[in-house]
Asker: 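One structure follows; several queries about it will come next.
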Amino acid sequence: MLDLKPVRGMRDFYPAQMRFRQWLFDQWREVSENFNFLPYDAPLVENLDLLKRKAGEDIAEQLYTFQDKSGRDLALRAEMTPSLARMITSRFESLSMPVKWYTIAQCFRYERTTKGRKREHYQWNVDILGEDSVSAEAEIILLLVQSLKKLGLSAEQVKVKISSRNILEALMNKLDIPPEFHQPVMMTIDKKDKMSESEFDQLISDKLPRKIDIQPIFDMFKLGSPQEISRFMSGLKSSCCKQDQLDKYIEDLDQLIQYLNPVDDFIQIDFSIVRGLAYYTGIVFEVYYQQGKARAIAGGGRYSQLLEKIGGKPLSGVGFGFGDVVILDILKETSNLPQVHPQIDYYIIPFEQKNLKLAFSLLDKLTQQGKRTEIDLKFRSLRNSLKDASRDRCNFVIILFPNEVAQNQVVVKDLIKGDERKVNIRDL
RNA sequence: GUGAGUGUAGCUCAAGUGGUUAGAGCACUGGAUUGUGGUUCCAGGGGUUGGGGGUUCAAGUCCCCUCACUCACCCCA
């Protein structure tokens, strides 16, 4: 006997669940289109080299990799950004900047499954490429917040936490943390929610070459506005450099916050957000669900060197990824999933075998008119047919009674009002 | 990858310390004299109790293996 379950970490979508997924995708698409982002797609299968080059060799362990029959090393995409970078790079000359694209892509990742993490998921990706100013961040985050609202989530339930890797780097410079330790420290910051302050302190100290007072990093996490950051930074006795650049980063953040004024109740500055991926270079952000156990439902940021890494021209981008698994879990918990039943317009009951020819011609006619039409093929008692029609939320039932058919008429019954009338067949 | 827990019908769950043909609700199918639905009533199908092995006169129940799921760690989308 074959195992009927989907393979580990993969999901079946029966119509009952597919409705919700489709609804979610519709919301995503609608927001994207309203902001005039254009849809794109790429193959599920990419060259292993492309995916490795972007993410580093070790990621290969988490990819579904295989060789095709000609011995090419291939992999299922784990995210969309490498494919996007590839597409942009190969048409670079003919694209007018900025490029604003979106996609909903199924991605695969070979790793342990947990709640909210499968080996396969759909990820909504929205990106702006070729715009260096924080206007790009502003538009992306505005769009993101609008999608959250559209899904029925409130500012109390979700927050977009915004941080700047540039400012964090500047802080580390001011603390005399050597550049080669910036990355490990940031990775540790990413995990700070999972430990106490002293554990965190210990973990960071372990990574550093010598004893450095990292208290300012903690202080930084408490800052909530660009003004506080500015004051905080200039308060540090600067043994280091490039004050004007730091000013620029703070200015950027300040501007972004101002641009996001229409959705400011959803926005929070939080420097403990750094994002796991190594390729982010500037502003980064994450959407957090705040109730119960906090969960990240989307995240993104500025990436400046990604295209160069795959051999393209320097081109800076901002984008985010938003997966379907966690959000569907949350919307289910909060009862935010709409009761989306397909509304059937017509339900044809042939009543007698010999009316089937007529029934099918009516089916053809109505469906061509764009009406959702069900034809009852079971020939049971009328009462049972009507019962089904009601259960399936049908508006009108067309019954082919012999007497009426003989006069080229059918009975059209309004299931909502309960009344019925005779209609000439050619008038349908 | 490590540790813990769970696995009984499509779904939610029952079946004292092992003891007859494993039950219920919902869902599904059919019917209440095929020309009238949403409520109601009646009937029915559906399980090798996740899979395999073992102990026993007897296993859903105890033991081992395996698979899947859940939680924590790890890691990240």
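Everything numeric in this text was worked out from a predicted model, so none of it was measured. Residue numbers start from 1 in every chain, and the chains themselves are labelled A, B, ... in the order their sequence lines are given, proteins ahead of strands. What's counted below: heavy atoms across the whole structure, side chains too, no hydrogens, waters or symmetry copies.
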Asker: Could you give the CZ-to-P distance, from Arg119(A) to A68(B), as a whole number of Å?
Answerer: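 Taking CZ of Arg119(A) and P of A68(B), I get 8 Å after rounding.
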Asker: If you compare every side-chain N and O of Lys378(A) against the phosphate oxygens of U29(B) (OP1, OP2), does one of them come in below 4.0 Å?
Answerer: yes
Asker: Residues in ring pair (Phe, Tyr, Trp, His ring centres under 6.0 Å) with Phe108(A), at least two apart?
Answerer: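 Phe108(A) satisfies ring pair (Phe, Tyr, Trp, His ring centres under 6.0 Å) with no other residue.
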Asker: Base, sugar-phosphate, or nothing: which does Gly9(A) touch, judged by heavy atoms less than 4.0 Å apart?
Answerer: sugar-phosphate
Asker: May I ask you to decide whether Glu286(A) forms a salt bridge with Arg275(A), counting only side-chain N to carboxylate O separations under 4.0 Å?
Answerer: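 Between Arg275(A) and Glu286(A) there is a salt bridge, with a charged N closer than 4.0 Å to a carboxylate O.
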Asker: Does a side-chain N or O of Asn384(A) approach OP1 or OP2 of G31(B) to a distance below 4.0 Å, or not?
Answerer: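 Affirmative; the distance criterion is met.
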Asker: Has Arg295(A) got a side-chain atom pairing as donor or acceptor with Gly116(A)'s backbone, closer than 3.5 angstrom?
Answerer: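 Checking the backbone N and O of Gly116(A) against the side chain of Arg295(A), no donor-acceptor pair under 3.5 Å is found.
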Asker: For Phe221(A), which residues count as a ring pair (Phe, Tyr, Trp, His ring centres under 6.0 Å) partner, sequence neighbours excluded?
Answerer: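 Phe221(A) satisfies ring pair (Phe, Tyr, Trp, His ring centres under 6.0 Å) with no other residue.
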Asker: Using the side chain to side chain donor-acceptor pair (under 3.5 Å) definition, which of the options His121(A), Gln62(A), Glu120(A) pairs with Arg109(A)?
Answerer: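 Only one option passes, and that is Gln62(A).
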Asker: Taking salt bridge (charged side-chain N to carboxylate O under 4.0 Å, His left out) as the definition, give me every residue that meets it alongside Asp329(A), ordered by chain and number, with sequence neighbours left out.
Answerer: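 Listed in chain order: Lys115(A).
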Asker: side-chain hydrogen bond (donor to acceptor under 3.5 Å, both in side chains) with Trp124(A): which residues, sequence neighbours excluded?
Answerer: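 With neighbours one apart ignored, the set is Ser32(A).
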Asker: Are OP1 or OP2 of U70(B) and a side-chain N or O of Lys118(A) less than 4.0 angstrom apart?
Answerer: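 Result: yes.
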Asker: According to salt bridge (charged side-chain N to carboxylate O under 4.0 Å, His left out), who are the partners of Glu30(A), at least two apart in sequence or on a separate chain?
Answerer: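 Salt bridge (charged side-chain N to carboxylate O under 4.0 Å, His left out) list for Glu30(A), sorted by chain: Lys150(A).
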Asker: Of the residues in residues 407-428 of chain A, which ones touch RNA chain B at a heavy-atom distance under 4.0 Å?
Answerer: Lys413(A), Leu415(A), Gly418(A), Glu420(A)
Asker: Taking any heavy-atom pair under 4.0 Å as a contact, classify Arg117(A): base, sugar-phosphate, or nothing.
Answerer: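 Base: the residue Arg117(A), judged by heavy atoms under 4.0 Å, touches a nucleobase.
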Asker: Would you say the ring centers of Trp28(A) and Phe322(A) fall short of 6.0 Å from each other?
Answerer: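 Yes, the ring centres sit under 6.0 Å apart.
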Asker: Would you say the side chain of Ser390(A) and the base of G37(B) hold a donor-acceptor pair, judged only by whether the two atoms sit under 3.5 Å apart?
Answerer: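 Counting by modelled atom types and ignoring angles, a donor-acceptor contact under 3.5 Å is found here.
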Asker: Mark yes or no for a side-chain to base donor-acceptor pair under 3.5 Å between Arg8(A) and C69(B), with no hydrogen or angle criteria applied.
Answerer: no
Asker: Are OP1 or OP2 of U34(B) and a side-chain N or O of Arg380(A) less than 4.0 angstrom apart?
Answerer: no
Asker: For Arg112(A), which contact category applies under a 4.0 Å heavy-atom criterion: base, sugar-phosphate, or nothing?
Answerer: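 Counting heavy atoms under 4.0 Å across all strands, the contact made by Arg112(A) includes a base.
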Asker: Sequence neighbours excluded, which residues qualify as ring pair (Phe, Tyr, Trp, His ring centres under 6.0 Å) partners of Tyr110(A)?
Answerer: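 Tyr110(A): ring pair (Phe, Tyr, Trp, His ring centres under 6.0 Å) contacts with Tyr64(A).
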Asker: For Tyr122(A), enumerate each residue passing the ring pair (Phe, Tyr, Trp, His ring centres under 6.0 Å) test, keeping only those at least two apart in sequence or located in another chain.
Answerer: Phe25(A)
Asker: Lys115(A) near the nucleic acid: base, sugar-phosphate alone, or nothing, with a heavy-atom cut-off under 4.0 Å?
Answerer: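 It contacts sugar-phosphate atoms only.
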Asker: Verify the contact: side-chain N or O of Arg383(A) to OP1 or OP2 of G38(B), cut-off strictly under 4.0 Å; return yes or no.
Answerer: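 For G38(B), OP1/OP2 do not have a side-chain N/O of Arg383(A) under 4.0 Å.
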Asker: Have a look at Glu404(A) and say if it touches a base, only the backbone sugar-phosphate, or nothing, with a 4.0 Å heavy-atom cut-off.
Answerer: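 Since a base atom lies under 4.0 Å of Glu404(A), the category is base.
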Asker: Convert the base pairs of RNA chain B into dot-bracket notation, remembering that pairs crossing earlier ones are written with [ ] and that bases paired across to another strand are shown as |; include only Watson-Crick or G-U pairs under 3.5 Å.
Answerer: (((((((..((((.....[...)))).(((((.......))))).....(((((..]....))))))))))))....
Asker: Tell me, which of residues 317-335 of chain A have any heavy atom that sits under 4.0 Å from an atom in RNA chain B?
Answerer: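 Heavy-atom cutoff 4.0 Å gives no residues at all.
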Asker: Using whole Å, what does the distance between atom P of nucleotide U34(B) and atom CG of Leu400(A) come to?
Answerer: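 Rounded to whole Å, this separation is 19 Å.
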Asker: Pull out every residue in residues 15-27 of chain A that has a heavy atom closer than 4.0 Å to any atom of RNA chain B, ordered by number, or say none.
Answerer: none
Asker: Report the residue from Ser304(A), Ser316(A), Pro98(A) that forms a side-chain contact (heavy atoms from CB on, under 4.5 Å) with Asp132(A).
Answerer: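 Testing Asp132(A) for a side-chain contact (heavy atoms from CB on, under 4.5 Å) against Ser304(A), Ser316(A), Pro98(A) leaves exactly one candidate, Ser316(A).
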Asker: Test: ring-ring contact (aromatic ring centres under 6.0 Å, His included). Region: residues 387-416 of chain A. Which pairs qualify, not counting sequence neighbours?
Answerer: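 Residue pairs with at least one partner in residues 387-416 of chain A: Tyr346(A)-Phe396(A), Phe351(A)-Phe401(A).
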